[in-house]
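First the structure, in the form of structure tokens, and then the observations on it.
Letters A, B, ... mirror the listed sequences (proteins, then strands); counts begin at 1. These numbers come from the heavy atoms of this one structure, side chains and all, not from hydrogens, waters or symmetry mates.
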Amino acid sequence: MKRPVREILADAISRDPSIIGAKLGAVVYDLHTPVEAEPSALEPVRTSTPEGLAVLRHSTAHVMADAVQRLFPGTKVTIGPATAHGFYYDFDKPSGPFTDEDLAHIEQKMLEIVEQKRPFRRTVVSRAEAHAHFQKLGESYKRELIDAIPEGEEISLYHHGEGADEWTDLCMGPHVPHTGYLRAVKLVSVAGAYWRGDERNPMLQRIYGTAFATPADLREHLRLLEEAKKRDHRKLGRELELFMFDEHAPAMPFFLPRGAFVYNRLVGYMRSLYERYGYEEVVTPQIFDKKLFETSGHLPNYRENMFLPVTAELLDKAKMDLRLGLHGATDPHSYREADKVRDEAVIGHLDDLERTAQKPMNCPCHCLIFRSRRRSYRELPWRVADFGRLHRYERGGVVHGLARVRSFCQDDAHIFCAPAEMQTEIQSFIDLLYEVYAAVGFAKVDVKLATRPDTRIGTDAQWDDAERALAAAVESRGLGYEVSPGEGAFYGPKLEFHIEDALKRSWQLGTIQVDYALPDRFGLEFTGPDGAAHRPVMLHRAILGSLERFMAVYIEHTGGAFPVWCAPEQATVVTVSEKQDEYAHEVVRALKARGLRATADTSSDKLGAKIRSARLLRVPYILVVGDKEVEARMVAPRSRDLDKNLDPLPLAAFVERLLGEAEPPRLAGRT
RNA sequence: GCUGGCGUAGCUCAAUCGGUAGAGCACCUGCCUUGUAAGCAGGGGGUUAGGGGUUCAAGUCCCCUUGCCAGCUCCA
């Protein structure tokens with residue numbers, strides 16, 4: 001017999017009012033929905049969990065749409081889902097975009113609805129009833145949504161409020177019991193968005209908002225948003241003189257000396273690990289005959305993202321031939337004749353004009369190296385690393401600081417191995433990856449296994465092997481993972497590694513991807529123990545991903561306060577007066593002699609001003625030297641990370657201390 | 001690429017209705033000789049993103065180009 005969830009879980013709910021629904025299997029039901037289940041089969045869903053939050057936010061989206069339609073009659077609703085950090089709702093508002101004042105009014109109206117604790121109700125209707133209901137309201141977008149619901153599936157409406165106050169939306173649910181649960185709500189921003197995400201469709205007005213279980217959670221979230229604004233890597237990049245951009249090379253970063261230092265330190269760190277994990281590094285060209293990318297499949301599949309450079313020689317020749325072609329027209333008075341000759345000349349030269357291409361990826365280079373001579377099974381797995389510069393043409397609207405650029409480099413490597421070696425190689429890669437993430441301070445890592453998409457190449461047996469090897473490797477390291485069905489590349493499945501930064505934002509950095517296709521396209525072979533030719537499998541892998549993007553994440557993660565091991569300046573000596581200048585330089589020399597990075601501020605500023613500038617640059621240690629320190633040959637350090645002054649100590653002792661912090665951390669238990 | 005917005009000194013920002021381009025910081029010079037988050041004074045710095053138009057007069061209004069920002073879409 002079916003009973004409302006509220007009745008079945010009555011005991012639990014009376015003890016814990018944050019229960020807003022219950023899970024039966026994988027489906028979340030709201031409290032008023034009747035289900036047939038024993039209390040033990042129902043798992044309570046609380047607002048404190050991600051699932052519960054999603055319900056809460058989706059309910060908030062309904063209340064916002066209700067408020068909007070009360071304040072702006074004639075505005076049509078479309079869709080309003082929960083997102084990772086809140087929710088949005090898209091409206092068709094004839095009078096144009098919402099303003100900030102509008103948002104304040106809407107928020108006010110939402111609060112009224114929340115205070116009235118209007119209950120959410122669910123009703124199931126027929127397709128015809130649903131159409132009739134929304135047609136009456138003039139909600140033309142809902143028609144499309146109703147039509148998109150598959151035959152045989154329940155069509156449900158959600159209502160909150162009663163009588164004249166009732167507001168109804170087409171919705172699968174579930175929802176919180178009543179609007180009173182929505183007490184920590186904030187509208188964040190407005191944006192344009194296309195109906196169904198398609199730029200050929202009308203532009204809608206989207207309002208982003210967020211909602212939390214408690215006001216304290218909301219405050220914390222808003223604090224993180226503020227903090228994220230302060231830490232924006234584009235702002236810090238300028239302030240800390242890490243990198244710059246210039247209109248002459250849009251979306252291609254220039255790393256300034258301080259930024260380049262950090263960049264190279266990261267590369268150096270990866271190199272040091274490669275040595276330990278059995279990688280070899282190669283250096284490969286930038287520009288290739290386009291035939292390479294026809295072989296690799298990039299030109300057919302990736303052409304719109306590629307830079308196709310042309311040499312001046314080719315260009316001049318084409319221009320010259322064009323001119324000759326035009327002059328050679330038999331009848332200069334006939335446009336048609338001249339046009340024909342010109343068009344033929346143009347077409348004839350187009351191939352030449354794109355005879356070369358900048359590489360967008362390194363993998364084809366490594367395939368060329370692999371097949372440049374015979375390979376034995378004895379030299380597999382062959383792990384080949386490349387910090388080559390890559391160029392991809394990204395569309396104008398998508399570039400963003402260092403996070404999305406057109407010129408970048410990856411901590412890229414490819415592993416060529418026998419299919420049987422895959423799993424071991426993936427395991428070793430996972431070890432390497434976790435060591436790196438620990439060193440740069442990312443403690444929380446989520447693993448996703450992206451499996452075969454509908455359109456794919458390769459045999460099912462290959463896909464089975466590849467997916468199994470990836471899953472087994474993760475499991476062998478005692479890690480959990482989530483499956484993203486159908487999200488793999490068309491040529492193979494992959495693992496994605498997502499980290500959470502200091503502001504609780506998630507970024508995908510690392511990946512390892514199985515590829516049978518490229519070895520096929522390049523006809524790669526190795527000689528097995530049986531003397532016969534075998535085809536290797538190729539693993540594409542990166543840990544930091546693109547160095548540029550990683551810098552963006554890392555700058556925001558650290559707030560520009562790089563750890564001692566990779567900070568461009570580890571210590572700066574500030575003098576109390578110019579009487580200590582000589583000693584300050586001596587301190588710098590002593591630090592540099594041990595491979596440490598130090599500068600002295602001997603400007604005519606007062607001590608307070610010098611300390612302020614050094615702090616703004618996030619220098620890990622500020623060494624104050626006055627007469628007392630000169631006399632005793634000591635330094636008085638101020639620690640950035642402890643945010644306090646340390647006891648003065650002899651120069652030599654400080655050097656030792658700094659040396660102890662100057663190497664990247666290593667995973668315990670490794671050599 | 002699409003929608004909307006923005007572009008004024010190295011940075012952050014002013015400039016009324018279309019009417020003399022300005023401030024703070026930074027930089028340079030000098031003074032000050034300093035004890036834990038901004039010492040004082042003076043100076044240099046601008047084809048107002050670029051180009052075109054309207055006007056007696058354009059940073060301001062219109063058009064084009066370019067770059068950037070927010071979002072959408074994209075990220076085999």
Side-chain angles (χ1 to χ4, degrees), chain A residues 88 90 96-99 188-208 229 232 234-235 237-241 244-252 293 296-306 360-361 363 392-401 403-406 408 453 455-457 487-492 494 508 511 513 515 517-518 540 545-546 549 574-581 601-617 622-630 636-640 643-646 648:
Chain A
Y88 65 82
D90 286 346
F98 294 98
T99 64
V188 177
S189 59
V190 288
Y194 300 99
W195 169 235
R196 313 208 120 183
D198 190 325
E199 65 196 30
R200 290 164 302 193
N201 285 338
M203 169 73 67
L204 305 171
Q205 302 303 325
R206 174 171 297 181
I207 302 180
Y208 281 98
K229 218 179 277 178
D232 189 317
R234 292 166 299 183
K235 181 171 170 277
R238 195 166 38 233
E239 288 171 3
L240 303 183
E241 291 192 40
M244 57 166 257
F245 288 92
D246 185 275
E247 292 188 15
H248 291 92
M252 306 202 195
F293 302 110
S296 71
H298 287 102
L299 263 178
N301 294 307
Y302 201 67
R303 192 169 187 278
E304 68 274 20
N305 283 298
M306 288 178 66
M361 297 179 195
C363 26
R392 297 184 190 172
Y393 179 75
E394 301 283 359
R395 299 204 296 172
V398 304
V399 296
H400 178 87
R404 187 86 177 265
V405 290
R406 293 185 175 138
F408 60 99
T455 47
R456 59 179 183 264
I457 57 173
E487 294 291 309
F490 69 90
Y491 55 78
K494 61 180 169 184
Q508 191 211 311
T511 181
Q513 206 152 336
D515 184 1
L518 224 43
H540 306 251
S546 112
R549 185 158 176 280
V574 304
T575 50
V576 174
S577 81
E578 67 184 11
K579 282 187 289 181
Q580 297 89 27
D581 282 4
D601 184 349
T602 53
S603 67
S604 64
D605 281 336
K606 295 212 176 197
L607 183 63
K610 293 183 185 181
I611 287 173
R612 178 182 142 86
S613 356
R615 286 182 62 124
L616 287 174
L617 281 178
I622 299 170
L623 306 178
V624 176
V625 297
D627 284 341
K628 281 181 285 185
E629 285 75 21
V630 176
R638 175 177 186 133
S639 158
R640 174 195 69 191
D643 193 25
K644 65 172 192 187
N645 298 337
L646 307 181

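- Among the heavy atoms of the strands, none lies under 4.0 Å from A:A403.
- If you check every strand for non-hydrogen atoms under 4.0 Å, A:K628 touches a base.
- The partner of B:G1 is B:C72, judged by Watson-Crick or G-U wobble contacts that both fall below 3.5 Å.
- Comparing the same atom, P, in B:A9 and in B:G5 gives a spacing of 23 Å after rounding to whole Å.
- Listed for the A:R615 side chain is no donor-acceptor partner under 3.5 Å among the backbone atoms of A:R612.
- With distances taken from any side-chain atom of A:R404 to the nucleotides B:C75, B:G35, B:A76, the minimum falls on B:C75.
- As judged by a 4.0 angstrom heavy-atom cut-off over every strand, A:M306 is placed among residues making no nucleic acid contact.
- Counting atom types as modelled, A:E241 pairs no side-chain N or O with a base atom of B:G10 as donor and acceptor under 3.5 Å.
- The pair A:K494-A:D515 does not meet the salt-bridge criterion, since no charged nitrogen lies less than 4.0 angstrom from a carboxylate oxygen.
- The distance from atom CD of A:E239 to atom C1' of B:C25 is 12 Å, rounded to the nearest whole Å.
- Separation of the P atoms belonging to B:C69 and B:A26 is 27 Å when rounded to the nearest angstrom.
- Distance A:N301 CG to B:C75 P: 12 Å, rounded to the nearest Å.
- Within 6.0 Å of atom CZ in A:R303, 12 or fewer heavy atoms from other residues, nucleotides or ligands are found, so the atom counts as exposed in its surroundings.
- In this model, the phosphate group of B:C72 is approached by a side-chain N or O of A:Y208 to a distance below 4.0 Å at OP1 or OP2.
- Base contact: A:Y491 has a heavy atom under 4.0 Å from a base atom.
- Nucleotide B:A38: unpaired (no Watson-Crick or G-U wobble partner with both distances less than 3.5 Å).
- For the P atoms, the distance linking B:U16 with B:C61 amounts to 11 Å, nearest Å.
- Of the candidates B:U33, B:U73, B:C32, the closest approach to any side-chain atom of A:E578 belongs to B:U33.
- Taking the C1' atom of each, B:C56 and B:G51 are spaced 23 Å apart, rounded to whole Å.
- Contact annotation: A:R196 side-chain N/O to B:U73 OP1/OP2 distance is not under 4.0 Å.
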Might you work through the side-chain contact (heavy atoms from CB on, under 4.5 Å) test for A:T575 and A:K610, ending with a clear yes or no?
-> CA-CA 8 Å; A:T575 50; A:K610 293 183 185 181; 2.7 Å; yes
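- Separation of the P atoms belonging to B:G18 and B:C2 is 31 Å when rounded to the nearest angstrom.
- If you check B:C25 for Watson-Crick or wobble pairing at under 3.5 angstrom, you find it paired to B:G10.
- Within 4.0 Å of A:S604, counting heavy atoms only, lies at least one base atom of the nucleic acid.
- Taking atom CZ of residue A:R303 and atom P of nucleotide B:A76, one finds them 19 Å apart after rounding to whole Å.
- Looking at the side chain of A:V576, the nearest of the listed nucleotides B:U73, B:G35, B:A76 is B:G35.
- Regarding contacts with the backbone of B:C68, every side-chain N or O of A:R234 stays at 4.0 angstrom or more from both OP1 and OP2.
- Judged by closest nucleotide on RNA chain B, A:Y194 is the one of A:Y194 and A:E629 placed further toward the 5' end.
- Across all strands shown, A:A489 has no heavy atoms under 4.0 Å from either base or sugar-phosphate atoms.
- Taking atom CG on A:D601 and atom P on B:A37, their separation rounds to 15 Å, with Å as the unit.
- In the set B:G67, B:A38, B:G35, the nucleotide with an atom closest to the side chain of A:P250 is B:G67.
- Comparing B:G42 with B:U48, their P atoms sit 28 Å apart, to the nearest whole Å.
- In terms of heavy-atom proximity, A:Y491 sits nearest to A:Q513 at OH-NE2, 2.8 Å.
- Glycosidic conformation at B:C68 (O4'-C1'-N9-C4 for purines, O4'-C1'-N1-C2 for pyrimidines): anti, more than 90° from 0.
- Rounded to whole Å, the distance from CD1 on A:I611 to P on B:A38 is 9 Å.
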Criterion side-chain contact (heavy atoms from CB on, under 4.5 Å) on A:I207 and A:F98, from CA distance to verdict | CA-CA 8 Å; A:I207 302 180; A:F98 294 98; 3.8 Å; yes
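- Under a cut-off of 6.0 angstrom, the local environment of CD in A:Q508 is crowded, with over 12 non-hydrogen atoms contributed by other residues, nucleotides or ligands.
- Judged by the 6.0 Å and 45° rule, A:R206 forms a cation-pi pair with A:Y88.
- In this structure, A:N305 reaches neither bases nor backbone, as no heavy-atom distance under 4.0 Å exists between it and the strands shown.
- Of the candidate nucleotides B:U36, B:A76, B:A38, B:U36 has the atom nearest to the side chain of A:N645.
- In this structure, CZ of A:R238 is placed 11 Å from C1' of B:C68, rounded to the nearest angstrom.
- Residue contacts for A:A614: at a heavy-atom cut-off of 4.0 Å it reaches no nucleic acid atom on any strand shown.
- Look at B:U48: it lacks any Watson-Crick or wobble partner with both distances under 3.5 angstrom.
- Residue A:H248 places no side-chain N or O under 4.0 Å from the OP1 or OP2 atom of B:G67.
- In this structure, A:I207 atom CD1 and B:G71 atom P are separated by 16 Å, rounded to whole Å.
- Across the interface with RNA chain B, nearest-nucleotide mapping of A:G297 and A:S577 shows A:S577 to be the residue nearer the 5′ end.
- When both pairing distances are held under 3.5 Å, B:G18 makes no Watson-Crick or G-U pair with any nucleotide shown.
- At a threshold of 4.0 angstrom between heavy atoms, the contacts of A:H400 are confined to the sugar-phosphate backbone, with no base atom among them.
- Under the Watson-Crick or G-U wobble criterion, with both distances below 3.5 Å, B:U54 has no partner in any strand shown.
- Regarding A:R206, its CZ atom lies at a distance of 7 Å from the C1' atom of B:C72, rounded to whole Å.
- Side-chain contact of A:Q205 with A:D90: a donor-acceptor pair under 3.5 Å is absent, judged by distance alone.
- In this structure, A:R406 contributes its side chain and A:E394 its backbone to a donor-acceptor pair below 3.5 Å.
- A donor-acceptor contact under 3.5 angstrom links the side-chain atoms of A:R395 to the base of B:U73.
- A gap of 31 Å separates the P atoms of B:G46 and B:C63, to the nearest Å.
- Contact annotation for A:G608: backbone-only contact, meaning every heavy-atom pair under 4.0 Å involves sugar-phosphate atoms and none involves a base.
- Spacing between B:U55 and B:G59 at atom C1', rounded to whole Å, works out to 16 Å.
- Checking B:U36, B:A70, B:G39 against the side-chain heavy atoms of A:K606 singles out B:G39 as nearest.
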